[in-house]
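Predicted, not measured: the structure shown is a model, and the values here were computed from it.
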Amino acid sequence: MVSNKQRYQKTWNFSALAQARRSQAGVWLALTVGLTGCAGAERPVHSATASDAQVDLRQSLVPAPLGPKVEALIEDIKDSRSDTGSVALITPPAARQAVVDAREAMKKSQWSRLQALAPLAKSDPVLGTYADYWLLRQQLHDSTRPVPDAALQQFMEQNQDAYLADRLKADWIVAAARAGNYALVNQLGPVVSSNSHVDCSRLMAQHMTGQRVKAAQVVAAFSPNRSCWSMLDQMADSKVVGWKELQPLLRATLETSKTGNAQRMAAIMFDAKQMVDYAALMDNPKKWLTGRTPPKSRAETELVSIALSRLAYGKQRESNAAYVETAWSKAIPKSDIEWVWSQFGLVAALNVAQDAAGWYRRSGNQRLTDYNHAWQVRSELRQTPINWDLVANSIRRMSASQAAEPVWVYWYARALSAQGQKAAATKHYESIAHELNFYGQLASEELGHTPALPAAPAPVTAGELQAAKANPGLQRAIQLFDLGWRPEAVPEWNFTLRGMSDRQLLAAAELARHEQIFDRVVNTSLLTKNDVDFSQRFVAPFEGRVTEKARLINLDPAWVYGLIRQESRFITDARSHVGASGLMQLMPATARWVAKKIGMTNFTPSSVNDFDTNTVLGTNYLSMVLGQLNGSEVLATAGYNAGPGRPVQWRAKLAGPVEGAIFAETIPFTETRLYVKNVMSNATYYAMMFTGKPQSLKERLGTVSPAPEKRVALP
């Protein structure tokens with residue numbers, strides 16, 4: 001039975017529940033419901049396994065212990081029916097409340113309170129390990145006390161193959177490396193769910209204990225965080241990495257405009273005097289360059305090259321370029337001056353300027369970062385007409401791994417086709433046409449295939465679903481979701497999926513659908529390789545209510561579903577890091593503006609996560625954006641994400657009409673670029689599911705033509 005509750009609609013107030021003292025009879029009633037089940041119960045009763053413990057906390061959570069009589073009664077019932085396997089373990093309400101209180105104590109850094117709660121919390125058979133984990137993690141990072149090695153080891157032994165044991169091991173590795181206990185790091189070995197902190201800590205330990213570490217390993221593991229900076233410092237001091245590795249890292253960091261990280265990288269490469277020069281040139285490159293003589297060393301050449309590249313920023317790009325040409329083009333090596341021109345191209349491309357391709361063409365055949373090569377291709381795609389030879393040449397200079405990504409396979413195939421190499425183009429299209437994504441769809445259409453949904457796999461069986469329900473990790477995650485603890489629930493769920501077969505993944509996704517955890521339905525089903533279930537991957541929940549709201553204002557329901565799938569994965573109380581809320585991720589100011597515009601008199605800020613309020617406001621705002629952008633779904637989708645004025649600016653800088661796919665690919669904001677491609681791909685699949693007819697992504701994308709920039713009267 002699928003319950004009617006919206007799992008993310010409400011976060012339960014456990015502090016209020018803690019104040020509500022129930023009678024012993026009330027506890028007995030709640031336990032009776034939990035033990036015997038009921039055809040009309042809100043949630044199905046699971047069969048009894050040690051890993052399938054559950055209780056409906058909304059009915060039975062109280063702060064006081066159950067008492068010896070009730071505990072004994074539970075044991076009697078379990079003993080009398082253990083052979084049937086039909087009784088679920090009961091989580092003592094006091095134990096669950098202790099877990100809830102322990103999390104609150106952890107968040108408030110109330111460590112003595114957490115320590116006092118941990119023993120009671122441990123009696124929660126499903127989530128009790130979390131209190132111990134929070135306590136051990138705090139002790140691990142407390143520099144005022146010894147590391148509790150024995151307790152850490154015991155926790156990992158008692159929770160083998162569990163997410164928290166793996167995470168605690170990762171924390172221990174990082175802390176041990178930071179303390180210089182490299183032998184322990186090596187002894188602990190790898191973790192299942194690693195990250196750059198762990199990878200850098202392990203490389204550091206291997207190096208410091210005499211094991212060989214290669215420069216390529218260092219570069220591959222590096223990410224700008226504390227553990228990796230320490231590792232990189234040591235590897236540079238030990239000559240494991242040198243100028244050959246550090247210069248590309250510095251230049252790549254500068255291209256991301258993360259000047260703090262660039263300065264940290266520069267400090268590894270340059271001496272103290274050179275760092276004074278570096279700071280000066282970053283502050284005012286033209287001033288620093290004025291009157292300087294040609295560089296005589298590798299470090300001086302790099303400093304001059306960086307200074308010249310900084311002249312690409314700001315409003316004086318043309319005059320600065322003339323200065324570079326006349327004063328410096330012969331003073332530094334050709335490869336360095338070509339890199340400088342590529343930076344002029346990159347800055348122009350990120351501003352969707354038409355002259356970006358011209359600057360890139362001055363960079364010759366210089367090998368650039370993959371990030372820069374990507375923008376070189378995009379700058380050529382925005383030209384009228386497109387120089388497909390230069391598109392192909394730029395893609396060929398990418399690293400093999402990047403050139404193999406569907407986006408660049410598609411555009412390379414387009415270039416080959418334009419050059420008359422039809423057979424080669426077909427081969428490239430065929431290599432990605434099976435992929436169920438934006439460029440897979442476009443490649444399939446280029447091959448002339450009729451768009452169609454993949455054949456549905458055999459339905460998940462009752463046995464497969466029961467096995468998923470009995471999985472300890474999935475059950476922990478579900479109860480964490482019930483508590484509204486997404487930061488804990490999502491990694492717990494994801495960790496449990498490792499190594500699952502397609503059938504097991506489908507069953508896990510079906511369990512998530514049963515529990516109305518719709519983001520896990522989609523994300524879990526996306527992991528299958530051969531058995532593809534579109535009813536999961538493109539789940540359409542809420543019983544047609546989204547379609548109803550869309551049709552009321554003449555919006556395509558498939559497009560609205562495609563947008564919601566990308567915005568929130570159907571989490572009704574989703575909240576982004578910038579404050580957008582609900583299914584359609586509305587900013588507070590936008591929600592208020594739309595509510596006023598459409599005459600929603602009962603709107604309050606607290607109602608923005610309500611299904612009806614959010615979808616009415618979201619669909620109306622989307623309709624307004626679509627109307628302001630000439631009915632183009634591509635432009636409106638970009639405007640919904642980045643603000644409606646942005647696509648107007650980007651469109652105004654076009655030299656001529658471009659395919660919708662080109663406009664989408666050349667959006668300068670990474671988040672918006674990916675968002676538009678995903679929403680449009682989603683919408684095409686939803687349209688096929690809703691109509692049962694073939695749908696063309698290319699037709700949906702249409703063509704975007706240049707138009708004068710105008711003010712858009714929308715927030």
Side-chain angles (χ1 to χ4, degrees), residues 433-445 449-457 506 509-510 512-513 516-526 528 532-572 574 582-585 611 614-616 618-623 625-626 631-641 660-661 664 674-702:
H434 64 284
E435 299 195 19
L436 303 171
N437 54 35
F438 185 82
Y439 282 110
Q441 287 173 278
L442 290 178
S444 181
E445 289 194 51
H449 297 167
T450 300
L453 300 177
L506 291 177
E510 205 57 41
R513 180 173 8 213
Q516 296 199 7
I517 313 174
F518 295 119
D519 66 318
R520 293 306 97 194
V521 179
V522 175
N523 288 15
T524 303
S525 193
L526 281 170
T528 63
V532 177
D533 187 341
F534 258 48
S535 76
Q536 293 178 345
R537 292 193 180 194
F538 292 88
V539 64
F542 310 118
E543 296 79 38
R545 293 161 68 198
V546 173
T547 297
E548 177 189 357
K549 298 293 191 301
R551 286 179 173 159
L552 281 173
I553 53 175
N554 297 316
L555 281 183
D556 177 7
W559 182 38
V560 176
Y561 263 107
L563 185 142
I564 294 175
R565 183 180 186 268
Q566 193 60 30
E567 282 283 1
S568 65
R569 283 289 200 264
F570 306 103
I571 305 170
T572 56
L583 283 174
M584 298 191 71
Q585 289 290 278
F611 175 90
N614 192 274
T615 50
V616 167
T619 53
N620 272 276
Y621 181 65
L622 184 59
S623 178
V625 175
L626 184 66
S632 167
E633 286 187 4
V634 171
L635 293 174
T637 302
Y640 194 91
N641 179 262
L674 297 175
Y675 175 89
V676 170
K677 291 190 289 186
N678 284 325
V679 169
M680 299 305 288
S681 175
N682 293 348
T684 305
Y685 281 134
Y686 275 119
M688 281 193 259
M689 294 175 68
F690 294 166
T691 67
K693 298 177 182 179
Q695 301 286 323
S696 169
L697 175 58
K698 291 187 72 171
E699 289 181 10
R700 185 176 286 270
L701 292 167

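A 4.5 Å side-chain heavy-atom check between E633 and V679 finds every atom pair outside the cut-off. Residues R569 and F518 have side chains not in contact (no heavy-atom distance under 4.5 Å, counting atoms from C-beta outward). By the 4.5 Å heavy-atom criterion applied to side chains, Q516 and P541 are not counted as neighbours. Counting heavy atoms from C-beta outward, L583 and F542 have side chains that approach closer than 4.5 Å. Residues D556 and F690 form no side-chain contact, since every pair of their non-hydrogen atoms from C-beta on lies 4.5 Å or further apart. In this structure, V522 and L526 have side chains that are in contact, with non-hydrogen atoms separated by less than 4.5 Å. With contacts defined as side-chain heavy-atom distances shorter than 4.5 Å, the pair V676/N641 does not qualify.
Just one residue in the list H434, E435, H449 forms a side chain to side chain contact (heavy atoms under 4.5 Å, CB included) with S444, and that residue is H449.
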Worked check of side-chain contact (heavy atoms from CB on, under 4.5 Å) between E548 and T615
CA-CA 10 Å; E548 177 189 357; T615 50; over 6 Å; no
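Here the closest non-hydrogen pair linking A661 and L442 is CB-CD1, 3.9 Å. Considering every non-hydrogen atom in both W559 and L555, the closest pair reads CZ3-CD2, 3.9 Å. In terms of heavy atoms, A540 sits closest to Y561 at CA-CE2, 3.6 Å. Scanning both residues, S568 and G582, for their nearest heavy atoms gives CB-O, 3.7 Å. Annotation for P454 and V532: closest pair CG-CG1, 3.9 Å, computed over non-hydrogen atoms. Taking every heavy atom of both residues into account, P694 and P451 meet most closely at CB-O, 3.4 Å.
Applying the side chain to side chain donor-acceptor pair (under 3.5 Å) criterion to T691, with sequence neighbours excluded, gives Q695. Evaluation of the ring-ring contact (aromatic ring centres under 6.0 Å, His included) rule for F538 yields F534, Y685, Y686 as partners, not counting sequence neighbours. Here D533 pairs with nothing under the salt bridge (charged side-chain N to carboxylate O under 4.0 Å, His left out) rule; sequence neighbours left out.
Interatomic distance, M688 CE to S696 OG, rounded to the nearest 0.5 Å: 9.0 Å. Distance check, rounded to the nearest 0.5 Å: CG of N682 to CZ of R565 gives 4.5 Å. Between N437 atom CG and L697 atom CG the span is 10.0 Å, to the nearest 0.5 Å. Taken from CD1 in I564 to CG in N614, the straight-line distance is 8.0 Å, to the nearest 0.5 Å. With rounding to the nearest 0.5 Å, the separation of OG1 in T637 from CZ in R700 is 9.0 Å. A distance of 12.0 Å separates CG of L453 from CZ of R537, quoted to the nearest 0.5 Å.
Salt bridge R513/E510: present, at least one basic N to carboxylate O contact under 4.0 Å.
Y640 and Q585 form no side-chain donor-acceptor contact under 3.5 Å, judged by distance and modelled atom types alone.
Remark: the backbone N or O of N678 is not paired with any side-chain donor or acceptor of S681 at under 3.5 angstrom.
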